[in-house]
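Order of appearance sets the numbers: ligands from 1, and atoms from 1 within every ligand. Since we're looking at a predicted model, the values are computed, not measured.
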Amino acid sequence: MTDEHRLNDNTLGTLPDSVARPAYDRKALATGIVHLGIGAFMRAHMAAATEAAIAAGDLRWGILGVSLRQSDTRDALAPQDGLYTLAIRDADAQGQARQRLQVIGAVRTLLVAPENPQAVLDAIAATDTRIVSLTVTEKGYCHDPATGDLRLDHPDTVHDLANPHAPRSAIGMLVYGLQRRYALGHGALTLMSLDNLPANGRVLRAAVLRFATETDPTLADRIASDCRFPCSMVDRIVPKTTDGDRAEVSQALGSADAWPVMGEPFFDWAIEDQFAADRPDWTRGGARFVKDAEPFERLKLRMVNGTHSSLAYLGAMAGWQTVDQAIGRAPLREHIEALMRDEIEPTLPALPGLDLVSYRTNLLARYANPALAHRTHQIAMDGSQKLPQRLLGTVRDRLARQLPVTRMALALAAWMHYLRGVDELGQSYRIDDPHASELTTLYQQTLALGVSPNSVQTMLGYAPVFGDLAGNAALTAALVPLLTSLQVHGVVETLEAVNRGAPLA
Ligand code: CS2
């Protein structure tokens, strides 16, 4: 398609009537939010809720999106005046895939941090900016996942402490941006993490203050007293956009959209109502403001992300490429349901009004959504960063109460098994994880020595992931037969044996 047929401000009026689009004056939009890490998730989640708040008449909340590494999002969206399509996908009563399209107008400007780090600091310092939000993934906090502390020896932290004018980590950008903001006499900010970390606001606060203390202790004191770091639970399944999605959405629009985002209809966002200045009314888009996000985060990280990762490692090893394909296999479905009901739910705090049985049923239906094609390998990435909050908290709680951990341990065993880099159909894949080389070496040693309490304890001794679980006898005893069974009999037979409660050979 030529540029006249590219989605942008000028072609908005030519879209089919069925496509929702901004009805407000985009030129009148101020930039109230700077977002670091403008990936698909944020564009299908926070930007959609912000769009609803803007559409309700509050034009203060346009978004400036920053890519921390690559220029691809900016390259796709700048020629589109920041516009992109959100395609909400599911199946109708007959099981036919369908989608609802909405063009989102909230993102006005895009920056690529490595091209112009100063522009990012200026945006954080700008007077209209009141909120800086982040989706930088777990590893973007440069922290130790087991302890939660900022790693001063992390290469990005080391770099940023030495390069105040050209930081490359989100934490460095925030601290130097705030330094500039205070120098200009502009007021405090709300810094809002939207990543899948427990107490994400507190993790962010601790990392920012640690970094600021290294830079200038008075700055750290000022940030601690002025800025707010609300915790939040975010939930929407957003698979990576494929070329097929681009073509399909562009066809439906009659205009080319170089980077639409796909999402499920489900949306949840529980955010603590603690803001340094004002904030959009995100309830217009389905968010809820809460006093304490912790019980919501725990529920979501353990039930959704914990089972998602379990399903992803088991499914990927069995050669099941997508989540709906995997959950469609009876032994896996039975296992995931029992994992929630028997091992995860008993560790959750009570939440007024929450019906766990419908939460579980609804989650299984979300996984079965045939229109998303969410890849198991996508979820499997960055396991070292994800396991602690998704699985190990539940494991710790159960071990402390001397409860069995068989189904939880199966997820850990499947993750280890995944480190072998080839699935049961003989397909090899790349292990995408910042700790990939140490972890695959450790796992190769286990394979060479044979699975035994000793070799499993060597894996559990990997402190950045397992922390104080190193040497845990009960966990080792649960892992040894599961890992052996996965290696010898494969995923399906192991699942069937666990489901029957049969001893594993
Ligand atoms: C997934 C999450 O990719 C992953 O690791 O588990 O992105 C998940 O889809 C979302 O957290 C759902 O809210």
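- For atom 9 (O) of ligand 1, the nearest protein heavy atom (residue, atom name, distance) is His308 CE1, 3.2 Å.
- Checked by distance only, ligand 1 and Asn305 come closer than 3.5 Å through their nitrogen or oxygen atoms.
- Ring centroid separation for the pair Tyr418 and His377 comes in under the 6.0 Å cut-off.
- Counting heavy atoms closer than 4.0 Å to ligand 1, residue His45 contributes nothing at all.
- Met408 CE to Leu479 CG: the interatomic distance, rounded to the nearest 0.5 Å, is 11.0 Å.
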Exercise for the section: Step by step, work out the salt bridge (charged side-chain N to carboxylate O under 4.0 Å, His left out) result for Lys139 and Asp433. Expected result: CA-CA 9 Å; Lys139 60 179 179 273; Asp433 190 302; over 6 Å; no

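- Annotation: atom 7 (O) of ligand 1 to nearest protein heavy atom, Asn196 ND2, 4.2 Å.
- Annotation: atom 11 (O) of ligand 1 to nearest protein heavy atom, Lys300 NZ, 2.7 Å.
- Remark: side-chain polar atoms of Arg236 are paired, donor with acceptor, to backbone N or O of Pro265 under 3.5 angstrom.
- In this structure, Arg151 is not positioned above the aromatic face of Tyr141 in the sense of NZ or CZ being under 6.0 Å from the six-membered ring centre and within 45° of the axis.
- For Lys386, a nitrogen or oxygen atom sits less than 3.5 Å from a nitrogen or oxygen atom of ligand 1, counting backbone and side chain alike.
- A distance-only check finds a donor-acceptor pair linking the side chain of Gln325 to the backbone of Gln321 [under 3.5 Å].
- Atoms of ligand 1 lying under 4.0 Å from any heavy atom of Arg390, numbered from 1 in the order shown and given with element: 1 (C), 4 (C), 5 (O), 6 (O).
- Among all non-hydrogen protein atoms, the one lying nearest atom 12 (C) of ligand 1 is Asp235 OD1, 3.3 Å.
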